[in-house]
Amino acid sequence: MTDLLYFEDFPLGRSFACGPYHVTRDEIVEFAREFDPQPHHIDEEAGRQSMLGGLAASGWHVCAMTMRMFADHMIPLAAARGGAGSREARWMRPVRPGDVLRVEAVVAETRESKGRPDIGHVTFECRVFNQREQVASIFMTPIILRRGAA
Amino acid sequence: MSPLYWEDVEIGVRRDLGSYTFTAEEIVRFARKYDPQSFHVDPEAAEHSIFGGLIASGWHTAAVWMKMAIAERQRSAGGTPLLRAGVSPGFEDMKWLKPVRPGMTLHFSSEIVDKRELASRPDMGLVLSRNKAHDEGGDLVFRFTGKGFVQRRPKV
């Protein structure tokens, strides 16, 4: 068991790699049928005729897949106390069947808690890349971390 | 009449998206797939967490908001798209204000708060919406600002 990373271990610019996530057609359609049943997330032809230019995952599905990569590769390392939201999400390029996603999470902002000396806030800029090294999405994600014993 | 183009979108219009009750089974099923932190997937571990019990992933709440928005759109349009819309460039300022627990019923809503022309896309406009979920006691549980592209009325 390695030592957990505390608030102090997240200086501006430190970067963490998460992933990969293999995106399948079945999963895109299954998620969309349950939560976002718009034709361009379910039907190839409807996707082609839409702004997306082909079947593409719901943006909410991209959020969920990104969370999974973060939960598998980032959260276990950190003395995390959870998150309370997401400051911004930019869905920039369609995520398609067969895509292989990965996340690069860079520390973009850190702030000590004023009221609570035992925690701090770290905001990650999470860039979601596809296998062509294109940025598919960017998420600004604040997380609460325990401070280390100084 | 239902709005069809960006020009028809009225700022201030609020849509009631209906209510949804979260079950433990669904909370766990979503989280096993997308957010397997112990307080989302393991009721016993969740008891001992800072949340004191199982809670839904915030992304699950967000996905259910979308589900309710699409269902409402389909209901009010009789199956045809209400707006010449669908694709979104993202969202801002999402907050999970209160934990969502099994058995909780949330009430979802969406209000149009702004609309903007797009310099880069003269055929499209942007619409901003303030989207919320309240619990049965009326407390705000979840909110975010959504962005959607809507087609502009073709110039004849």
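Order of the sequence lines sets the chain letters (A, B, ...), proteins ahead of strands, with each chain counted from 1.
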Under 6.0 Å from the CD atom of B:Glu44, do we count more than 12 heavy atoms belonging to anything else shown? no

Under the 3.5 angstrom rule, does the side chain of A:Arg68 hit a backbone N or O of B:Pro36 as a donor-acceptor pair? no

Would you compute the distance between atom CD1 of B:Ile70 and atom NE2 of A:His41 and round it to the nearest 0.5 angstrom? 7.5 Å

The test is side-chain contact (heavy atoms from CB on, under 4.5 Å); show your working for A:Met51 and B:Met124 and say whether it passes. CA-CA 11 Å; A:Met51 265 177 95; B:Met124 290 279 171; 3.6 Å; yes

By a 4.5 Å heavy-atom criterion (distance strictly below it), what part of A:Tyr21 contacts chain B: side chain, backbone, both, or neither? side chain

B:Phe51 portion near chain A, given a 4.5 angstrom heavy-atom threshold: neither

What do the steps show when you test B:Phe91 against A:Cys63 for side-chain contact (heavy atoms from CB on, under 4.5 Å), and what is the final call? CA-CA 11 Å; B:Phe91 61 79; A:Cys63 291; 3.9 Å; yes

Decide side-chain contact (heavy atoms from CB on, under 4.5 Å) for A:Glu34 and B:Met66; before the verdict, give the C-alpha distance in whole Å, the side-chain angles of both, and the deciding distance to 0.1 Å. CA-CA 10 Å; A:Glu34 183 166 5; B:Met66 188 70 209; over 6 Å; no

Give the cluster check for B:Val41 versus B:Val100: same hydrophobic cluster or not, with ILVMFWY residues linked at side-chain heavy-atom distances below 4.5 Å. no

Given that the side chain runs from C-beta out, which part of A:Trp91 has a heavy atom under 4.5 Å from chain B: side chain, backbone, both or neither? both

Taking every heavy atom of B:Trp96 against every heavy atom of A:Gly83, the minimum-distance pair comes out as CE3-O, 4.2 Å

Cluster check A:Phe7, A:Leu12: I/L/V/M/F/W/Y, side chain < 4.5 angstrom: yes

Classify the angle between the aromatic ring planes of B:Trp59 and A:Phe139 as parallel (below 30°), tilted (30 to 60°) or perpendicular (above 60°). perpendicular

Roughly how far, to the nearest 0.5 Å, is CG of B:Asp35 from CG of A:Asp72? 10.0 Å

Could you go through the side-chain contact (heavy atoms from CB on, under 4.5 Å) check for B:Gln74 and A:Gln38 one step at a time? CA-CA 10 Å; B:Gln74 287 168 347; A:Gln38 301 185 79; over 6 Å; no

Does any backbone or side-chain atom of B:Arg121 lie under 4.5 Å from a heavy atom of chain A? Answer side chain, backbone, both or neither. side chain

Just by distance, do the side chain of B:Lys95 and the backbone of A:Ala84 share a donor-acceptor pair under 3.5 Å? no

Residue-level interface, residues 94-123 of chain A with chain B, non-hydrogen cut-off under 4.5 Å: none

May I ask you to decide if the ring planes of A:Phe31 and B:Tyr34 are parallel, tilted or perpendicular, using 30° and 60° as cut-offs? perpendicular

Taking 4.0 angstrom as the limit, do A:Arg90 and B:Glu92 come out as a salt bridge? no

Taking the side chain as everything from C-beta on, heavy atoms only, tell me whether B:Gln37 gets closer than 4.5 Å to A:Ile75. yes

Are A:Ile143 and A:Met140 co-members of a hydrophobic cluster defined by side-chain heavy atoms under 4.5 Å apart? no

Is the distance between the ring centroids of A:Phe35 and B:Trp65 under 6.0 Å? no

Tell me whether the count of non-hydrogen atoms from other residues, nucleotides or ligands lying under 6.0 Å of CZ in B:Arg130 goes above 12. no

Do A:Phe129 and A:Met92 sit in the same hydrophobic cluster, where Ile, Leu, Val, Met, Phe, Trp and Tyr count as joined when their side-chain heavy atoms come under 4.5 Å apart? yes

ILVMFWY cluster, B:Phe142 and B:Phe39 together (side-chain gap under 4.5 Å): no

Less than 4.5 Å to any heavy atom of chain B: does that hold for the side chain of A:Ala89, its backbone, both, or neither? both

Can you establish whether the number of heavy atoms outside B:Arg32 located under 6.0 Å from its atom CZ is more than 12? no

